[in-house]
Every structure is written in C-alpha cells, then in structure tokens.
Undergrad: 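Let me begin by handing over the structure; questions about it come next.
Numbers restart at 1 for each chain; the letters A, B, ... are given by sequence-line order, proteins then strands.
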Protein chains: 2
Amino acid sequence: MASIHDVAKEAGVSVATVSKVINHYPDVSDKTRKKVRSAIELLRYRPNAIARGLVTGRSWTVGVLINIPFTNPYVAELLEGIKTALENSGYDLMRLSARLNDESYSFIDHCESRNLDGVVIFGVERDHRIIGELIRSDIPTMFVDTDVMGNRVGNITSDNVNGVHMAVSHLYGLGHRDIAYIAGTLGHTVAERRLQGYKQGLADCSIEYRDKYLEVCDYSFEGGMVAMRKLLHLQSPPTAVVCTSDMAAMGAIHEIEAWGFSVPGDVSVVGFDNIFEAKVFKPSLTTVNQNIHNIGARSIEHLISMIENPEYSPPEIMEPASLVIRQSTGKVKVSEDQSR
Amino acid sequence: MASIHDVAKEAGVSVATVSKVINHYPDVSDKTRKKVRSAIELLRYRPNAIARGLVTGRSWTVGVLINIPFTNPYVAELLEGIKTALENSGYDLMRLSARLNDESYSFIDHCESRNLDGVVIFGVERDHRIIGELIRSDIPTMFVDTDVMGNRVGNITSDNVNGVHMAVSHLYGLGHRDIAYIAGTLGHTVAERRLQGYKQGLADCSIEYRDKYLEVCDYSFEGGMVAMRKLLHLQSPPTAVVCTSDMAAMGAIHEIEAWGFSVPGDVSVVGFDNIFEAKVFKPSLTTVNQNIHNIGARSIEHLISMIENPEYSPPEIMEPASLVIRQSTGKVKVSEDQSR
DNA sequence: CTGAAAGCGCTTACAG
DNA sequence: CTGAAAGCGCTTACAG
C-alpha cells in the first residue's frame, strides 16, 4: 500500500504537510490541500493505523475480556450491544486471549502492548488480581456486572437486588412460602447481589431463610438441572424456585418434568435475564428482564467518553430490572397434608 | 512502560542485543543473555506489539468479519470455536466494524491499515464486491460457508447438500410426500446448496418439485413463523417441512401450534444446525447436525497455517453433516380424504 | 503556510 | 558475540 512518502512525492510536498491535511489541520493553503487530496485519491492512500498509533499512543481499538463462553445467550447479547455502539465510532473491537490462570501473565501488559485505548471486562471474579491491576492502571475500563470503581474505572449492571426481590414477592403473592433459590457461582458481584435480593425478599415476606433452599450453579442449563435435582431430593421440596439465569431455569424445569412433576402445577420457576429463549421455551418463563443489549451499548458509550475526555468521571450505572410474568409460575398447590 | 532502551541501559548492552535475546537469537553469549533477562525481569519489560508489528509487518492479530448478529446461536458457537483455537496461539482476535454498504469503504484498506495477519469472513453475500477484493489481495483469508477459493483464500463449510438430502429422505421414509422447504436468503452459498439438497432429495424420492412449497426466510424464529404461515395458507398445505435453520424450525413449529395443529401429529418439521436449543425445545427438534464449533476452530487453524507458511495451499473443507432424529418428525397422518 | 528533523519502540542487515 | 545505523509509517514541535 502507498505510504505517506509516496503521497508527498506525488503531490510535491513534504510528508509533514500530507500529515496535516490528513489530520485536518487548518494551516494548509487550499491549493496545497487540493494537490494532496488528489494524490491521496490517485494512490488510494490510507494512513497506517499501526504507525499512527505508535506515535499518538491511540490505537482506536477497545479491548474486551469476556471470561464466559460466547454461546451463553447473555454474552452474545452483550456483545451485540457492544458491537452496535462501536459501529461508526471509528473504533474496532479486540477480544483478548487472556491467560488468566497463568501467574506470569499480566493483563495490563497485554493491553499496553496492544496500545488499547480502553477495555470492557465481564465475568472475572471479584477478587482476581487483574481487577486490582486495572484499578491502579490508567487504562479506561468499564466493568459489566462487577462493582468496581476507580480513577479511570466505571461499571454498569442491572438492579440485581430488586430483580430477585420482585421474583420472590411475585411468588409470595401466589401463595408460595417454600421458595428456593438457585444462585450463580458466588464470588461474582451479580451472584452476591441476587442472593441478597432473595434474602431481602424473604425477609420482607416474613419468610425465614433456610440454607437447604439455597443451591449454587454455573448459570447453565446443566447447572440448573443438577441444582434442581438436589432440591427435589429434599424431605420437603420447595413449591417454587427462583433461578439466577434463564438457562438454569430451563434446566430446572427440565429436571422437574423428568421427575414427573409439572411446571407450574407442582413447582413454579422464575428465571433471570429474559433471553430470547425464555419466550419460546415451554412453559414460557416468568423471568426478570435485563436490558442486556443496552448494557453492552452503554458500557461502550461511557468507555469512549472516558477515552476521549480524561476529565470524564467514570460512571456507576444501575439499569432497572423488571419482572415479566409468563407461564412458569402459578398459584401454589394446596397440598393434601397441611404439614406447614 | 519500560522500553527496549531502558532494558538496554539497565543491562549495559545495546538495544540490538536486547532484541536478540527477546527473539531467541542463538548468537548471544550466556552471560549477556542473563544480564538482559534480569533487566527485563527487573523492569517488567514487555515488547510493544505495535512497534514490533510496524517493522515486521506481523500484528499477531486475525480479523473477523461477521455480518450476522452475535445473538444468532450459530454465530455464537462459531465464535466460540474460533476463540478456542486462538487460545495460546499468541494471536488476538479483532472484530472489524466494516461499513459494507458504504461505497467508499474498502475492507482491504481496513485490514492493511490494521496490519491484520489474516481474516475469517462469514455471512457476506456471494457477490459482494469485497469478496473479489479479498481474492485479489494477498491477505490470508478463510471463508466460512461461502465457496470462494483463491491464491490465499480457502473456505470451510458443512456438507449442506447432503444434510438437507438426508432430511428429505427421512421424511420420505415416514411416508411424507408433500414436503415443503423453508430456505435461507438466496444469494448466500449455504442457502443455494441446501436448496439444491432439497431438490435432489425430492428427485431421488421421485417427488415432483413444486414452487409453492418453497419459502424463503432470514434464518430467524420470526422468519420461520412468517414462512410457515404462508405454507399453511396453501390450498393443500405440506405434511412436512424442512427448515434452513433450527431457529426457523422453532418459529415454524410455533406457528403450526398457533393454528391449532400439532407437531409432529399434523406436520413434521426438520431443522438445520443442531444448536443447543434444538434439544431443549418442545418438541425437541429432528435436525441436521453441523459441527459448528469445529468449523470455527478449524478455520483458524488453517488460517494460521496460511499466515505462517506462504506455501501452504488454501484448503477447501467440507465437514460431514448428520441427521439427528428427535421428536419433531413422525409418520405422515393418513388423511380422511385421500385426495392425493 | 511549509518543511527538516526528531522520535514513537521496535528489528534487521551489516561491520567489526 | 556485539553494536551502530537505517528504517517501518507516521506525528509533532520548531524554525523559517
């Protein structure tokens, strides 16, 4: 490809002048500008982003570290939101192949070596060392679903506490008192917040929290199945269960039906996320809606603001959550033996 | 961050020597090597990938152009396969924000300006101008699901013809003679191939091809619904329908049930892809299995081979497809009026 | 308004 | 085995 030197020679000016017209400096005469423009046209010249980045320190690239499979519908939708916000912004997206378990690996070095202008992080445990590193660094960063703040670090998440709280209230309103919770892997902010929402929900309904009604899973379908299995093995299984994700909820329902029970006839189930599948699954899922696409898009908008304006103070954003009621929840079944 | 100069000064050698130990040149004495190593350690030095790329012409970055939403489960799984193959390869992945509809936009320039070592392309129409540009360029390229070949251009796909062919044969074996096909947007290789499989399948079963039994959709759930609606409006609706994607198949089933019919009681439906949801949907989907993860991973493996070895001849790969029989297909219903 | 020169952080012949 | 020098393709003071 043609370089800036070729253009300069073609136009009969210096490379400095070419650089100035490329970068829209005002102090270039119209005549010169025209000559340069047509030379650029003629040679189909495009500035080399790499070389430019080396001297300006800007790469027009934002990195993304997502430590969860892309096949997870939440991740897919998040990425789609990120992609949308990036379109026409001039920035491209780089997915970092981070070696998180390798002690000698430094995420910061990785970013700096790539000259990244900023990064968005999702799915890294709250106490992983790279979080501290990121806070100390001056790389503009947005965390999704992890409550980290810093000089150049903001975060965005849904109102997880209230989300689960609404789910519990909904079930209470249907007469349920034995409400279990299938949590996400603890150690992540979201998981903790939702668990908190569960406990507060119970408390506000004057229901005693019972350890046996708490199971943990990895947000997946299989995880939901396994957790549900344990709950069904209980002496007195719950009549309703709130799940930390729609995938887990679908897994739980699958398990319930495998035992010969029905949803919501015997057990009511609530999901979390409101992914596309929640609508299509049978029974369709009552679930907590998160505006995932929006979370992705806004994380990028704020990241770009931070990149382009050093004074921009990193935001801490909580998107509202809402309850979507469908077919997987219903009135509690009046049990034959009124044991409780 | 420390630069190679800092390391050279710290170690008391020249930058050339530091460069040599970084790049594992043999002609460095053990003593010098050690001095340099500890200086690197001390200063936590990491070579700047950008600067290195400027001189070597390598960026250790492969680009991906995916013109279909990430929320499409096929795309998500493809990306996951790509990601897996990239792990520990030293390469990072860049998603290009391509302005495909902008006449003045050049994908090649974009790649060259970013110094990309290679690209994988998915979801671009067969006759889009960038395909020709790519073939003429010397950027190593792998197309997924598009039958393009070139000097530095290979492709990978599933055996689409045979996939649909198997679906048709399966339905024929169940007694179906009125078999419709919901195709993907024509103009893409996959869509054409699968349509070909449909027609061949019919021919091999001595069933006449009828235009009215062909509908086109965009692979989505909604697309499947709309296409199915048209088929149901027909004078004599089909007793079975093969769909170009699982999402479309689920949409079709949704529509069939909305009309008060049952699957497979009244209409049998076959999908394509075998995404996760196909197993979980009710009724679970009979579908053509594609090893999507594998397609993603292999596209990268071959791309890297092409990058690292200019002699490596671009592969043209066809992964086998197989039919997975589940609950959405069944014996044809013997109709009251034996009109046909 | 224009251009010569230094420099971003590296690598690569080449000379010694 | 080691290092001085040129160069990758740009931008940015600075002098004129």
Undergrad: Can you tell me if A/Asn101 has over 12 outside heavy atoms packed within less than 6.0 Å of its CG?
TA: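 No - once you tally the heavy atoms of other residues, nucleotides and ligands closer than 6.0 Å, there are 12 at most.
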Undergrad: Measure up the A/Tyr91 and A/Trp60 rings against each other and bin them: parallel (under 30°), tilted (30 to 60°), perpendicular (over 60°).
TA: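 Answer is tilted, since the angle falls between 30° and 60°.
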Undergrad: When you measure from the side-chain N and O atoms of A/Thr17 to the phosphate of C/dG3, is any distance below 4.0 Å, counting only OP1 and OP2?
TA: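 Answer is yes, contact under 4.0 Å.
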Undergrad: Can you check whether B/Tyr25 has a side-chain N or O nearer than 4.0 Å to OP1 or OP2 of C/dT12?
TA: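 For C/dT12, OP1/OP2 do have a side-chain N/O of B/Tyr25 under 4.0 Å.
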Undergrad: Looking just at side-chain N and O atoms, do A/Arg33 and A/Tyr25 make a donor-acceptor pair shorter than 3.5 Å?
TA: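 Looking only at side-chain atoms, A/Tyr25 and A/Arg33 do not form any donor-acceptor pair under 3.5 Å.
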Undergrad: Give a yes/no on whether any side-chain N or O of B/Arg52 is located under 4.0 angstrom from OP1 or OP2 of C/dG9.
TA: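 Negative; the distance criterion is not met.
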Undergrad: Taking the basic N atoms (NZ, or NE/NH1/NH2) and the acidic carboxylate oxygens, is any pair closer than 4.0 Å for A/Lys83 and A/Glu80?
TA: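 Yes, charged N to carboxylate O under 4.0 Å.
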Undergrad: In whole Å, I'd like the distance from the CG atom of B/Leu43 to the P atom of C/dC10.
TA: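 Interatomic distance, CG of B/Leu43 to P of C/dC10: 12 Å.
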Undergrad: Please report, rounded to the nearest Å, how far the P atom of C/dT12 is from the CD1 atom of B/Ile22.
TA: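 To the nearest whole Å, that distance equals 11 Å.
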Undergrad: Atom CG in B/Asp147, atom CD1 in B/Ile156: separation rounded to 0.5 Å?
TA: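 Here the rounded value is 14.0 Å.
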Undergrad: Between B/Thr32 and D/dT2, does any side-chain N or O lie under 4.0 Å from OP1 or OP2?
TA: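 Answer is yes, contact under 4.0 Å.
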Undergrad: Less than 4.0 angstrom from a charged side-chain N to a carboxylate O is my criterion; do B/Arg298 and B/Glu319 meet it?
TA: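 Salt bridge between B/Arg298 and B/Glu319, a charged N being under 4.0 Å from a carboxylate O: yes.
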Undergrad: Under 4.0 Å between a Lys/Arg side-chain N and an Asp/Glu carboxylate O for B/Arg58 and B/Asp117?
TA: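 Looking at B/Asp117 together with B/Arg58, the answer is yes, because their closest N to O distance falls below 4.0 Å.
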Undergrad: Using a 4.0 Å heavy-atom cut-off across all strands, classify B/Asp27 as base, sugar-phosphate, or nothing.
TA: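 Base contact.
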Undergrad: May I have the distance from B/Ile50 (atom CD1) to D/dC10 (atom P), rounded to whole angstrom?
TA: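 Result: 14 Å.
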Undergrad: Could you state the NZ-P distance from A/Lys35 to C/dC1, rounded to the nearest angstrom?
TA: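 Result: 14 Å.
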Undergrad: Using OP1 and OP2 only, check whether a side-chain N or O of B/Thr56 sits under 4.0 Å from C/dC10.
TA: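 So the side chain of B/Thr56 is outside the cut-off, no N or O lying under 4.0 Å from OP1 or OP2 of C/dC10.
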Undergrad: With sugar-phosphate meaning primed atoms plus P, OP1 and OP2, does B/Arg46 contact a base, only sugar-phosphate, or nothing at under 4.0 Å between heavy atoms?
TA: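 The residue B/Arg46 makes sugar-phosphate contact but no base contact.
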Undergrad: On DNA chain C, check which nucleotide each of A/Ser14 and B/Tyr45 is closest to and give me the residue with the more 5' one.
TA: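 Result: A/Ser14.
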Undergrad: Measure the distance from CG on B/Asp30 to C1' on D/dT2 and round it to the nearest whole Å.
TA: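 Atom CG in B/Asp30 sits about 15 Å away from atom C1' in D/dT2.
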Undergrad: Going by atom types only, do B/Thr157 and B/Asp145 share a side-chain donor-acceptor pair under 3.5 Å?
TA: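 Note: B/Thr157 and B/Asp145 side chains meet the donor-acceptor criterion.
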Undergrad: Tell me whether the OP1 or OP2 atom of C/dT11 has a side-chain N or O from B/Ser19 closer than 4.0 Å.
TA: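 Result: yes.
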Undergrad: How about B/Arg129 and B/Phe107: do any of their side-chain heavy atoms sit closer than 4.5 Å?
TA: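 Heavy-atom side-chain distance check fails, nothing below 4.5 Å.
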Undergrad: Where does DNA chain D pair, written as one dot-bracket string 5' to 3', with Watson-Crick or G-U pairs under 3.5 Å, ( ) inside the strand, [ ] for crossing pairs and | for another strand?
TA: |||.||||||||.|||
Undergrad: Rounding to an integer number of Å, can you tell me how far A/Ile40 CD1 sits from D/dG9 P?
TA: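 A/Ile40 atom CD1 is separated from D/dG9 atom P by 16 Å.
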Undergrad: Where do N or O atoms of nucleotides 5-8 of chain D meet protein N or O atoms at under 3.5 Å, pair by pair?
TA:
none

Undergrad: Return the value, rounded to whole Å, for the distance between atom CG of A/Asn115 and atom P of D/dG9.
TA: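 Going from A/Asn115 (CG) to D/dG9 (P), I get 18 Å.
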Undergrad: Between A/Arg58 (CZ) and D/dG9 (C1'), how many Å, whole number?
TA: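 Whole-Å distance recorded here is 18 Å.
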Undergrad: Which residue is it: B/Arg95, B/Arg114, B/Arg99? I am looking for the one with a salt bridge (Lys or Arg N to Asp or Glu O under 4.0 Å) to A/Asp92.
TA: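 Going through the options one by one, the only one that passes is B/Arg114.
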